[in-house]
Asker: 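My questions will all concern the structure given below.
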Amino acid sequence: GENVEQHPSTLSVQEGDSAVIKCTYSDSASNYFPWYKQELGKRPQLIIDIRSNVGEKKDQRIAVTLNKTAKHFSLHITETQPEDSAVYFCADRTDTGRRALTFGSGTRLQVQP
Amino acid sequence: DSGVTQTPKHLITATGQRVTLRCSPRSGDLSVYWYQQSLDQGLQFLIHYYNGEERAKGNILERFSAQQFPDLHSELNLSSLELGDSALYFCASSVGRQGLGGYTFGSGTRLTVV
């Protein structure tokens, strides 16, 4: 898509708590929404993704929800652990225009032990 | 190891110079994407190649160019370098043209312009 807004920019939680990161997209033609985790000094790694024909997807402690009407999607991490500390990026892809992933600005998650 | 290989890992060069960054995609992947990540910034899309052909351009400066070769490896050429070009440059690959299913990123090339 053209623009993806991500909030919050930083998030600190206690170990065991849940964390939620939200993204808003602008292009109604967006059809794919992945989330990436980037640990310090390392490459971004895909952790979960969702396509536009699905409202929710879960994988163990992480889940993604999509609200196409409101054009937003969220990452939910439950029972957070210190190793979840990283920068998380949302992204979207549209079927029009450049068709490459557009990334949000990232959320730095800190899980306090 | 993600299967996407980027070389070199680090590069230090002077302003005005020209450098070439290299990327070998994961075996079987036909698409290569280049992204720039400045300090504490997000990932800015530069360019996408699929099976040797340019598919899309993002915020790529005219001083930058890229190509994908018949063996599917790609090179990103950065010329007339400026201090502001210092960044981490990632390439990523995907199986198809559309990138559905996500990208696999390489470890990046950290470029420092002095």
Side-chain angles (χ1 to χ4, degrees), chain A residues 1-10 21 23-25 27 29-54 57 59 62 64 66 75 86-108, chain B residues 1-7 9-10 23-26 29-50 53-60 66 68 74 87-110:
Chain A
E2 293 182 2
N3 188 39
V4 179
E5 293 189 1
Q6 183 171 347
H7 300 281
S9 57
T10 59
I21 303 170
C23 288
T24 303
Y25 61 97
D27 193 336
S30 294
N31 61 355
Y32 175 65
F33 308 90
W35 285 88
Y36 285 81
K37 175 183 181 182
Q38 187 178 26
E39 297 177 4
L40 189 62
K42 296 192 176 180
R43 64 184 177 92
Q45 290 189 277
L46 178 69
I47 56 171
I48 195 168
D49 58 7
I50 194 169
R51 299 197 185 191
S52 57
N53 59 348
V54 177
K57 183 176 178 181
D59 183 3
I62 60 173
V64 56
L66 171 64
L75 177 70
V87 178
Y88 291 81
F89 291 98
C90 63
D92 81 336
R93 179 201 173 277
T94 180
D95 246 352
T96 60
R98 65 188 192 188
R99 300 178 182 174
L101 291 180
T102 298
F103 285 85
S105 54
T107 296
R108 185 174 300 277
Chain B
D1 181 11
S2 68
V4 179
T5 304
Q6 287 189 250
T7 57
K9 292 191 186 306
H10 302 277
C23 170
S24 293
R26 198 176 51 167
D29 286 357
L30 300 179
S31 273
V32 170
Y33 307 82
W34 286 97
Y35 281 82
Q36 179 193 57
Q37 186 175 41
S38 301
L39 191 63
D40 289 335
Q41 296 294 311
L43 294 148
Q44 299 297 318
F45 169 66
L46 296 177
I47 198 163
H48 168 211
Y49 279 86
Y50 173 77
E53 293 187 3
E54 181 185 304
R55 295 289 299 174
K57 274 187 174 180
N59 303 321
I60 188 166
Q68 186 180 28
S74 178
L88 196 52
Y89 291 84
F90 284 105
C91 94
S93 71
S94 68
V95 172
R97 189 171 45 197
Q98 299 187 30
L100 299 174
Y103 301 170
T104 300
F105 281 84
S107 298
T109 292
R110 183 169 297 281

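Everything numeric in this text was worked out from a predicted model, so none of it was measured. Below, read A as the first sequence line, B as the second, and so on, with proteins coming before strands; counting in each chain starts at 1.
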Asker: If you count heavy-atom pairs under 4.5 Å between each of A/Gln6, A/Gln38, A/Lys42 and chain B, which one has the most?
Answerer: A/Gln38
Asker: Going by the angle between their ring planes, with limits at 30° and 60°, are A/Phe103 and A/Phe89 parallel, tilted or perpendicular?
Answerer: perpendicular
Asker: Using non-hydrogen atoms and a 4.5 Å limit, figure out which bit of A/Gln45 sits close to chain B: side chain, backbone, both or neither.
Answerer: neither
Asker: Angle class for the B/Tyr35/B/Tyr103 ring planes (parallel below 30°, perpendicular above 60°, tilted otherwise)?
Answerer: tilted
Asker: Could you look at A/Pro44 and say if it's the side chain, the backbone, both or neither that has a heavy atom under 4.5 Å from chain B?
Answerer: both
Asker: Please check: side-chain N/O of A/Tyr25 versus main-chain N/O of A/Phe33, any donor-acceptor pairing under 3.5 Å?
Answerer: no
Asker: What residues form a side chain to side chain donor-acceptor pair (under 3.5 Å) with B/Thr109, not counting sequence neighbours?
Answerer: none
